[in-house]
Amino acid sequence: MEMLRTHHCGELTKGDLGKRATLAGWVRFYRDHGGVLFYDIADSHGSTQAVFDPVATNSEDLDRLEKVLNNIGREYVITVTGVVRDRVEGTTDARNPTGEIEVLIEDAKVLNRSKPIPFEVAEQKNSMLPGEDLRLKYRYLDLRRREMGSNLRFRSKLISCARRYLETQGFIEVETPMLTRSSREGARDFLVPSRNMPGQFYALPQSPQLYKQMLMVGGVERYYQVARCFRDEDSRADRQPEFTQLDMEMSFVEMEDILSMVEGMYAYVWKEMFDEHLPTPFPRIELKDSLARYGTDAPDVRFGLEMEEVTDLVKDAPYEIFQRVLSKGGMVTCIDLKGSLIKEQDTDGSVGRKQVDRLIDWAKSQGMGGLTWMRMTPDGLSSNIVKYFPEEVRQAIVERTDAQPGDLLLYLAGPRETVLRAGGQLRLKLAKDLGLLEGKGHQFVWLVSCPLFQKDPATGGLTSFHHPFVRPVGDVIPEGKDCANGMGHSYDLVFDGSEIGSGSMRNHDPEMQRKVFGILGMDEATMQKEFDFLLEALEFGAPPHGGVGMGVDRLCAMLLGCESIRDVIAFPKNKKFQSLVDGAPTKVEEAKLSELQLLCLADEDD
RNA sequence: GCCCCGGUAGUGUAGCGGCCUAUCAUGAAGCCCUGUCGAGGCUUCGACUCGGGUUCAAAUCCCGACCGGGGCGCCA
């Protein structure tokens with residue numbers, strides 16, 4: 001093995017009895033029994049018990065050894081040498097793979113000492129995890145914790161599997177620049193001043209999007225990259241200013257080729273990582289259906305509780321609340337909460353009224369006026385308001401929702417967008433409250449059939465639904481005002497209700513790309529100013545191409561059940577984008593600014 | 001920019017107007033202990049984020065700042 005050790009701390013077992021071994025690692029726990037000393041020595045592979053026994057130990061210099069051992073503290077880095085031996089009967093530790101043996105210390109050396117640690121590195125009975133700011137400040141200690149170490153290993157393995165698959169499929173990894181051209185499009189850029197070109201700036205890449213398209217023009221055909229991306233927008237639990245995408249692009253393909261390539265990759269990853277068969281192809285859902293049934297463009301389809309619009313059925317029922325909503329152009333949707341899912345039930349097997357009241361309060365907190373409900377009984381629908389709904393309307397509702405006796409029908413009524421959003425939230429809330437996700441596996445789904453454009457409520461103009469490079473379906477954008485109805489060859493990969501990937505076919509025809517830019521409100525001069533290089537590249541024989549970018553941080557965090565992607569990133573930033581471990585960002589010397597021809601306008605307060 | 005939640009020994013917590021010179025655990029320092037393993041026993045150390053205010057009395061209530069987290073906006 002290495003020079004400092006003969007074995008690592010997770011490998012010695014009964015098969016090694018009698019061997020002389022040298023271990024190196026951190027002292028995680030030590031126990032002094034008044035002469036007999038125990039040390040749990042841990043490295044990245046595990047931990048092994050080393051014991052010093054003044055009676056049994058055979059050492060060249062017992063006094064010196066005792067002196068060394070008695071001055072060892074927690075998290076000291078030491079090596080110990082000794083013979084692997086059986087533990088005394090009845091003192092084995094079944095929880096530890098090395099728990100049947102111990103190393104009888106003959107020699108020990110302190111490689112480095114450690115100050116008292118600011119928080120526990122060892123696993124604790126109750127969660128004694130400190131606040132996250134402390135974990136980030138001492139990230140190197142946090143990473144020493146077993147959980148964080150295994151998170152990093154998981155991530156590494158996942159990326160490694162993806163790489164292996166893509167390499168076998170003929171992809172090559174190409175690195176694209178980190179110092180790139182700033183653009184008005186998209187998120188806020190991180191800017192880097194140019195020293196050689198004073199007054200000019202690079203931007204850190206928000207994604208390798210345009211570079212990978214130019215790689216396609218360059219004949220690469222199958223590109224991938226584990227790419228760092230930068231966006232200077234405010235953070236969330238699943239958002240960091242710098243994050244990692246598994247980025248891919250392919251030439252001479254159509255959308256189906258890309259989707260099945262991605263599916264194949266995940267199937268391979270699942271097989272390698274979990275030894276599980278991942279069913280492919282992934283289900284697909286159209287954007288408009290997703291919005292109508294799940295109230296979101298990132299649906300979690302692992303449980304039912306889908307919304308059914310009933311606007312058409314109740315439009316003539318003299319129920320004032322619905323009438324008021326409908327007269328303003330609103331909608332009514334319904335969720336059938338199956339009786340079998342309901343936990344808090346009245347003695348007659350129906351939902352507790354208290355539970356319904358809590359849901360009504362919750363609906364109000366979501367910006368809804370309230371929530372209308374009906375119980376399904378063997379005699380039909382029942383509630384305080386069914387009298388406003390003629391028998392044939394009730395019948396139609398039951399048919400559409402397939403309500404069975406014991407079910408509870410929940411109605412949301414209001415402006416379309418509000419209703420769908422609240423309905424989506426209601427689904428998630430019910431699933432959480434009722435534990436519907438317990439024991440559920442994971443589920444990929446493709447979100448497809450998205451428009452090219454959407455209205456910008458601020459300006460009234462059109463903006464890209466995804467980005468301006470999406471190739472229109474059928475290479476056609478309706479003319480004139482109808483262009484807003486144009487559909488794009490784009491797709492999102494949704495995993496358990498979170499968007500973890502997004503991609504599209506790209507415009508390889510420069511005229512089509514110009515047309516899209518034009519619809520987005522750019523005149524020829526602006527196009528030239530912002531995207532001349534792209535348009536020109538497309539004019540030199542750009543092949544049909546498309547691809548996808550997938551969020552590595554988010555996928556890892558979800559697979560590991562982490563609440564935040566920070567737990568799968570070695571050195572993440574806090575909510576204010578500070579790196580607590582090294583204190584970035586900092587002020588810089590005046591001289592450095594001068595060299596860049598920069599003047600700092602921020603207040604000098606210290 | 002806005003909204004919500006939180007801030008008590010190194011760490012995690014209890015306390016939520018007077019029982020607080022503040023609980024418990026862990027840690028650190030020291031002592032005891034020859035088979036533990038999240039060892040055990042004894043001793044010691046160590047904290048109410050800051051600034052105003054209300055009150056006879058504030059860790060506790062109010063206001064503001066600061067710090068941290070979650071969210072909205074933002075993220076083509």
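Below, chains carry the letters A, B, ... as their sequence lines are ordered, and counting in each starts from 1.
- When the nucleotides B:A25, B:G70, B:C75 are ranked by their closest atom to the side chain of A:Met128, B:A25 comes out on top.
- By the criterion of a centre-to-centre distance under 5.5 Å and near-parallel planes under 30°, the ring of A:His33 forms a stack with the base of B:A39.
- Of the candidates B:U26, B:U11, B:C75, B:U11 carries the atom nearest the A:Pro130 side chain, counting heavy atoms from C-beta on.
- The residue among A:Thr463 and A:Arg566 whose nearest nucleotide of RNA chain B is located toward the 5' end is A:Arg566.
- In this model, the phosphate group of B:A28 is not approached by any side-chain N or O of A:Lys115 to a distance below 4.0 Å at OP1 or OP2.
- Of all nucleotides listed (B:C75, B:G10, B:A39), B:C75 comes nearest to the side chain of A:Glu233.
- The environment of A:Arg181 atom CZ is dense: over 12 non-hydrogen atoms of other residues, nucleotides or ligands sit within 6.0 angstrom.
- Take the nearest nucleotide of RNA chain B for A:Ser464 and for A:Leu104: the residue whose nucleotide is more 5' is A:Leu104.
- Residue A:Asp53 is classed as a base contact, given a heavy-atom separation below 4.0 Å to a base.
- Across all strands shown, B:U60 has no partner, as no Watson-Crick or G-U wobble contact with both distances under 3.5 Å is found.
- Across all strands shown, B:A39 forms no Watson-Crick or G-U wobble pair with both key distances under 3.5 Å.
- We find that the ring of A:Phe119 and the base of B:U11 do not stack by the test of centres under 5.5 angstrom and planes tilted less than 30°.
- For the pairing with A:Leu65, the side-chain contact (heavy atoms from CB on, under 4.5 Å) check across A:Asp63, A:Leu69, A:Asp61 returns one residue only, A:Leu69.
- Remark: B:G46 base-pairs with no nucleotide in the shown strands. Criterion, Watson-Crick or G-U wobble with two distances under 3.5 Å.
- Of the nucleotides present, none pairs with B:A9 by Watson-Crick or G-U wobble criteria with both distances under 3.5 Å.
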Given A:Tyr30 and A:Phe38, is the side-chain contact (heavy atoms from CB on, under 4.5 Å) satisfied, shown in steps? CA-CA 5 Å; A:Tyr30 59 89; A:Phe38 298 92; over 6 Å; no
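- Contact annotation for A:Asp40: backbone-only contact, meaning every heavy-atom pair under 4.0 Å involves sugar-phosphate atoms and none involves a base.
- The nucleotide whose nearest atom lies closest to any side-chain atom of A:Glu120 is, among B:U26, B:G35, B:A28, B:U26.
- If you check B:G69, B:A76, B:A28 against the side chain of A:Pro116, the one that comes closest is B:A28.
- Side chains of A:Ser564 and A:Asp567: a donor-acceptor N/O pair is absent below 3.5 angstrom, by distance only.
- No engagement by A:Arg184 is indicated, since no non-hydrogen atom pair under 4.0 Å with the nucleic acid exists.
- One finds a side-chain N or O of A:Gln578 lying less than 4.0 angstrom from the OP1 or OP2 phosphate oxygen of B:G68.
- The phosphate of B:A76 has OP1 or OP2 within less than 4.0 Å of a side-chain N or O from A:Arg231.
- When heavy atoms are screened at a 4.0 angstrom cut-off, A:Arg28 is found touching no nucleic acid atom at all.
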